[in-house]
Structures are given as structure tokens and as C-alpha cells.
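This one's a predicted model, so the numbers in the text were calculated from it and none came from an experiment. Both counts, for ligands and for their atoms, begin at 1 and track the order of listing.
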Amino acid sequence: MKSSYSLAVVILAAGLGTRMKSSIPKVLHKIYDKPIIQHVADSIKHLRAKNNIVVIGPKTDGIKNTLDGYPVIFTAQKEPKGTGDALKVAIQKLKGFNGTVLVLNGDTPLISTQTLQRFLRLHKQNKEDISIISFIAEDQHSYGRIIREGNRAKAIIEDKDASEEQKKIKEVNSGIYAIESHTLKLLKEIKINKAKGEYYLTDIADIAARKGYKVGAHILGNEAEMTGINTREDLYKAGHYMRDKILSGWMKSGVSFIDKTSVFIHPDAKIGMDTVIYPNVHIEGKTIIGSGCIIYPNTRIVSSTIGNNVVIKDSTVIESSTIKDKAAIGPFAHIRPGSIIGSASRIGNFVEIKKSIIGSGTKASHLSYLGDAEIGKNVNIGAGTITCNYDGKQKHRTIIEDNVFVGSDTQIVAPVKVGKGAYVGAGSTITKNVPPLSLAVSRAEQRHIEKWALKKQKTENRSQKSERE
Ligand code: UD1
Ligand code: CA
């Protein structure tokens, strides 16, 4: 006797998605940086099904690539002949399978694992042959209507086929079903919908109910979670729903937002308690932000790690870098990939840093480019300092050791090293290593031409006079 509960999952993703008006498959459009199909594949990951089958169209290698590494197999529906036909194609891969088949539309990305688990429990407890996740739709929509008879569902009527009376029904089909394997034979009985030339999976409800199978619809989740993406408008709305959910989650964990309508936080990002985020901040990729940070407006942080009590001032971009505790970055700073900014460092206005390590307590407060550099602790980088790291062919490293003072408007031509505690005079061009504790100056010595201004004035007066004559 079979004791374990068998589950197979089928994701339908072979539709043309014509309503998107796009050259790429609908399920590859992104919500919150992640393709729709990946959201769906993530939602089923923890269900630990025996088989996860994704039905795709003939020319959808993009979907295969997007799901690379996911525990799924693919099957191709040669022509998009409807959701009923798509499931028929999928079950070819389930010959001999005995258990529950969970079917999901590939365009319903906000569904949560918890809702799916609840649904499967209800399906089992009620001993239904077919269960449907339904929800109450208030907004204008084109979802199929659930026709009920008491506790049971007896049909799903597509929007296009619904009468005026049926259109008033608010309980609608999410496109997520749990079907017992012995019921799948009914797929053969679905007839083509002449108007659309498609086999509607939804027709299975009516066929099964008429034959005395137990069909149930369970109102689960809400309209937002069940959103099916058919149009760009749906895509936009889904993005907003997801943002609200993510931001509410972070507010519950102690993060403050000044204006949550303009903030983007990637689902994989993490933020510590008491951090305050101002408007127009985008936190992308697997970024980790510590506690007690302030992130001022118009800032974008991509795949970076930010320590505790860091202040990021307005209009700053930070990419694939690490910023340590108590550092202050910006306004208008650009921290490019591969940089590490030490604790309590100050990186100020119009400073660009690339693939450089900046020691703790170091300051580069204005108008500098520091690339391929290793800069020690408590260094002062004067305004307008440039590391000349590129000779036209190769990049070279600059090393500036602890406690160095670099005067303003200095060019440091790499490869070169400035030793511990040295000073570099303002306006210098450093091409040779500077010994520790020394002063390096390379500018021309200042000289004075006495009374030069008076002579200049005289010449000018003379020429003006001759012009007038
Ligand atoms: C479908 C349901 C509708 C439900 C809604 C929920 C049908 C007939 N209607 O409508 O009752 O309220 O979802 O969002 O099922 N697909 C294939 N092959 C095909 C056609 C579609 O794999 O030949 C896939 C699509 O890629 C998509 C999913 O099935 O992921 C649903 O298809 P779609 O055309 O979007 O159905 P809806 O009109 O939204
Ligand atoms: Ca749809």
C-alpha cells in the first residue's frame, strides 16, 4: 500500500502572451528584477514535488535558460491550443503517476508558497477530485467566473462566454488547480472552444461535476496575490503589489520609509533595524544594509554590503562594494564595483572610487578619482586628487599607506607608492615612490615678477589710446 503523499507540479507557460505586445515571451517579463516564471518556480520550490514540469512553446529557449538550476523539466506544446491542451501535453510526462497534480498558470507570479500549502491541505482534507483556488475580484478584470452549487463548484465560465448575470459573480478562477491523477482522463473530453479555437482547461470543472466528481473552489489569498499578468498594466500593478508587501515587511522589522511609493527594495535585499530610507532610493540585488543607517534621496545601491550606522547622502551610486560601519558616502559619490570603504571613512561630493580599498578614518571629501588603489588608514585625499591608473593599455595600482596627507589637485601616476606618514604637496604630479614621512612636491617653484601688473596696465592704456586716435 502506498503511504506517502505524491505531488507533481505543472506550470503552464506556453501561451503567446499577445496582450503584452512584446517580442519576448510574457513569462520572461520582470517583476522586481526577476522574470515572472522565476517567481512562480520559486513559489513551488518548497513543496518538494516528485516532478515539476514546465510547459513551454517551441521557441522559448529563454525560459529554459531563465530556469537553469531549478529542479524542473520542460515539455513543449507545439501550438498554443489552450490551457486544456497544455496540461494534456504535460501529463505525457506523468505516465504511471498516482497522486495530486498541482497546476499553475505561469503568469501568476505573486502566489505564495504558504497559500499553495494551505490549498493542498484543503484539497486533501475535503477529499476533492478537483480543487480550484478562487478569489474575490473587485477591480475590472477578465477572470473566469466560478459557478457554485452550495459548497461545490460546478463550472468555470470564461469572461468572454459569460452572460450579463454571470459577469456579476465576484468569485473568480486564479488558474491554480489541484487535480487527482485519476481525474486527468477527463482532459480528453474537453471540446474545442470554437470562438477561440482553444481547449479550455476550465471546462474540466463542468465535465467533472456533471459526472459526479467532487469539485471544490477555495477562496484563498487576495486579488493582489492571485493577479494573472496579461498586459503591461497588470505587470505594473503586480510590481506595486510586490513592493507594498516587501516594504510592509521591512517596516514590521523596524525600517522607516519617508515615502514608500518611490522606493524599490529587491526581494533578496536585507535591511537592519532603525535604518531610515528617503524617497527615490533603489536597493537592488542581494544588498545587505546594516542597522541605524540613513539613506538620503536618489540613491541606488546594487549588490553591496553596507555596515551599521552608515550615512549615504543624496544622489549616490554604490555598485558591488562594501561600506563599513559609520562611513559617510556622498552626496553625488560613485562607488564602483570591487571597492571596500573602511569604517568611519568619508567619501564626499563628486568622488568616484573604482576597485579600491580605502582604510578606516580616511577622507576623500571632494572631486576625486581613486581607481585600482589601496589606501591606508587616516589618509587625507585633497580635493581634485586623481590616480592615473591607466596608461592607455593597462591598469596599474596605486598604494598610499597610513596617515598620508595628499594635497589638493594632485595626480598620482601608477604604479606608484606613497610611504607611511608622507605628505604630498598640492598640485604635484607623483611619478616616483615617495619615502615614508617625507614631503613630495613636484610643481614648479613659485616666482614673482615685481610690478608686472603696473607694466601690463601701462601697455593696455597705450593701446587703447592709439585705437581712439
Ligand atoms: C486563465 C483562465 C481563467 C482564469 C485566469 C487566471 C483558461 C481558459 N482561463 O485565463 O479562467 O481566471 O487564467 O489568471 O484557462 N498557456 C499555455 N498554452 C496555451 C495557452 C495558455 O501554456 O495554449 C499558459 C499561458 O502561458 C499562461 C497560462 O497558460 O501562463 C494561462 O493562459 P492565459 O491565456 O493567460 O489565460 P487567461 O486568459 O488569463
Ligand atoms: Ca493569464
### Query
Could Asp206 and Arg210 be called an ion pair, given the rule that one side-chain N must be under 4.0 Å from one carboxylate O?
yes
### Message
I need the OD1(Asn230)-the Ca ion (ligand 2)-OD2(Asp107) angle, rounded to 10 degrees.
### Response
90°
### Message
Determine whether a donor-acceptor pair (N or O, by modelled atom type, separation under 3.5 Å) exists between the side chain of Ser304 and the backbone of Ser321.
### Response
yes
### Query
In terms of atom number and element, which parts of ligand 1 are under 4.0 angstrom from non-hydrogen atoms of Gly144?
3 (C), 4 (C), 11 (O), 12 (O)
### Query
Counting from 1, what ligand 1 atoms have a heavy atom of Asn230 closer than 4.0 Å?
35 (O), 39 (O)
### Presence of N, O or S from Thr108 under 3.0 Å of the Ca ion (ligand 2)
no
### Summary
Note: Ser174, heavy atoms under 4.0 Å from ligand 1, region reported as backbone
### Task
Note the single closest protein heavy atom to atom 32 (O) of ligand 1, along with its residue, its atom name and the distance in Å.
Thr83 CG2, 3.8 Å
### Query
Does Arg19 reach ligand 1, in the sense of a heavy atom lying below 4.0 Å from it?
yes
### Query
How about Asp314 and Asn298: does a side-chain donor come under 3.5 Å of a side-chain acceptor?
no
### atom 35 (O) of ligand 1 [closest protein heavy-atom partner, distance rounded to 0.1 Å]
Asp107 OD2, 3.0 Å
### Query
Once the angle between the rings of His182 and Tyr213 is folded into 0 to 90°, is it parallel (under 30°), tilted (30 to 60°) or perpendicular (over 60°)?
parallel
### Message
Any carboxylate oxygen within less than 4.0 angstrom of a Lys/Arg side-chain nitrogen, looking at Lys354 and Asp372?
### Response
yes
### Query
CG of Leu16 to CZ of Arg19: how many Å apart, nearest 0.5 Å?
10.5 Å
### Query
With backbone taken as N, CA, C and O and side chain as the heavy atoms from C-beta onward, which portion of Val55 lies under 4.0 Å from ligand 1: side chain, backbone, both, or neither?
neither
#### Entry: Closest candidate by heavy atom, reference atom 5 (C) of ligand 1, pool Asn105, Val40, Val103, Ile176
Asn105
### Query
What is the closest protein heavy atom to atom 10 (O) of ligand 1, and at what distance does it sit?
Glu158 OE1, 4.0 Å
### Task
Begin with the C-alpha distance, continue with both residues' side-chain angles, and end with the deciding distance and a verdict on ring-ring contact (aromatic ring centres under 6.0 Å, His included) for Tyr143 and Phe135.
CA-CA 10 Å; Tyr143 296 115; Phe135 64 99; 5.0 Å; yes
### Message
Check for me whether Lys26 has a heavy atom closer than 4.0 Å to any atom of ligand 1.
### Response
yes
### Query
Under 4.0 Å from ligand 1, counting heavy atoms only, is it the side chain of Ala14, its backbone, both or neither?
both
### Query
Any idea which of Gly82, Ser134, Pro80 brings a heavy atom closest to atom 20 (C) of ligand 1?
Gly82
### Task
Tell me which protein heavy atom sits closest to atom 16 (N) of ligand 1, plus the residue, atom name and distance to 0.1 Å.
Gly15 N, 3.5 Å
### Expected output: side-chain Arg336 to main-chain Ser339 donor-acceptor under 3.5 Å
no
